[in-house]
Amino acid sequence: MRVLIPEDEISKRVELVAGQIARAYEGQPLTIVGVLTGCLVFLADLIRRLDLPLRIALVQASSYRGATTQGGELHIQDDLLPDLKGRHILLIDDILDTGRTMKHLVDHLRGLGTASVRTAVLLRKKGRQEVAIEPDFVGFEIPNEFVVGYGLDYDDEFRNLPFIGVLDRPA
Ligand code: 5GP
Ligand code: MG
């Protein structure tokens, strides 16, 4: 395991992004929608730095990438979402890779009669994006490597690491 972004750097950056979000939503009630499961650590750290009236909701997105399905079909499970009509939404995910997950979710949330939808990601992979979506808030731009830790998993492991790391070779 190689450390890509150490714990203290993440902490400083999350503080900064929280400041940007607070300024963007000044005086406007906010609903944060976190994308399970990868968002959990980022979400928990971020919300404790936001001194704003806010609600939290969760959604799950999973892509089935079978041997024959290249792009993978995205399934959105939104049973956990409360009524979001008229709400200002900030969608939070761990990482923007091709951008397909975010794009799908933004479209889905817009379809629910929300007042506005903005997006925040902790990590964004350089040169990987396939669909047009520009996140409103970004923690770090990273090279095209498979990362784990701080919520991100490999086969559901490593989410609890306090730093972002690169696996030397998949276990
Ligand atoms: P996208 O739809 O943008 O291609 O992919 C986003 C999703 O792919 C993320 O929510 C995450 O679950 C997964 N993902 C993409 N790159 C990585 C990575 O480097 N590490 C981990 N753990 N997950 C990744
Ligand atoms: Mg994910």
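Indexing begins at 1, ligand by ligand and atom by atom, following the structure's order.
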Name every donor-acceptor pair, under 3.5 Å, that has one atom in a side chain of residues 2-12 and the other anywhere in the protein, sequence neighbours excluded.
from  : atom 1 : to     : atom 2 : distance (Å)
Arg2  : NH2    : Glu145 : OE2    : 2.6
Ser11 : OG     : Arg49  : NH2    : 3.1

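- The OG1 atom of Thr37 lies 6.5 Å from the CG atom of Asp156; values are rounded to the nearest 0.5 Å.
- Within ligand 1, counting atoms from 1 as listed, the ones closer than 4.0 Å to a heavy atom of Glu145 are 19 (O).
- Within the 4.0 Å heavy-atom shell around ligand 1 one does not find His104.
- Residue-ligand proximity, Asp93 to ligand 1, at heavy-atom distances under 4.0 Å covers atoms 10 (O).
- Residue Val138 forms a side-chain contact (heavy atoms from CB on, under 4.5 Å) with just one option from Arg13, Arg124, Gln20, and that option is Arg124.
- At a 3.5 angstrom cut-off on N or O pairs, Asp94 counts as close to ligand 1.
- Below 4.0 Å from some heavy atom of Lys125 lie the following atoms of ligand 1, by number and element: 16 (N), 17 (C), 18 (C), 19 (O).
- Closest approach of Leu80 and Leu58 over heavy atoms only: CB-O, 3.6 Å.
- Without hydrogens or angle criteria, Asp153 side chain to Phe158 main chain gives no donor-acceptor distance under 3.5 Å.
- Ligand 1 is approached by Phe146 to a heavy-atom distance shorter than 4.0 Å.
- Ligand-side atoms of ligand 1 in range of Thr98: 1 (P), 2 (O), 3 (O), 4 (O), range being under 4.0 angstrom from any heavy atom.
- Taking the six-membered ring where tryptophan is involved, the planes of Phe146 and Tyr154 are perpendicular, since the angle between them exceeds 60° and thus also 30°.
- Heavy-atom proximity to Thr101, at under 4.0 Å, picks out these atoms of ligand 1: 1 (P), 2 (O), 5 (O), 6 (C).
- A donor-acceptor pair is defined here as one N or O able to donate and one able to accept, closer than 3.5 Å; such a pair exists between the side chain of Thr119 and the backbone of Asp136.
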CA sep, side-chain torsions, deciding dist, call: Tyr150, Asn160, side chain to side chain donor-acceptor pair (under 3.5 Å): CA-CA 6 Å; Tyr150 200 74; Asn160 57 318; over 6 Å; no
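- Heavy-atom contacts of Arg100 reach the following atoms of ligand 1: 2 (O), 3 (O) (cutoff under 4.0 Å).
- For the atom pair CG of Leu90 and CG of Leu54, the computed distance is 9.5 Å after rounding to the nearest 0.5 Å.
- By the criterion of a heavy-atom distance under 4.0 Å, neither the backbone nor the side chain of Glu130 is placed next to ligand 1.
- Ligand 1 does not have Val148 within reach: every non-hydrogen atom of the residue lies 4.0 Å or more from it.
- The closest heavy-atom contact to atom 15 (C) of ligand 1, among the options Val131, Asp156, Leu105, Asp97, comes from Asp97.
- The contact set between ligand 1 and Asp153, taken as ligand atoms under 4.0 Å from a residue heavy atom, comprises 21 (C), 22 (N).
- Gln77 is linked by a side chain to side chain contact (heavy atoms under 4.5 Å, CB included) to Gln60, His75, Asp79, counting only residues two or more places apart in sequence or in another chain.
- The closest approach between a heavy atom of Gln129 and any atom of ligand 1 is not below 4.0 Å.
- Not a single heavy atom of Gly38 sits less than 4.0 Å from an atom of ligand 1.
- The N/O atoms of Val147, backbone and side chain alike, include one that comes under 3.5 Å of an N/O atom in ligand 1.
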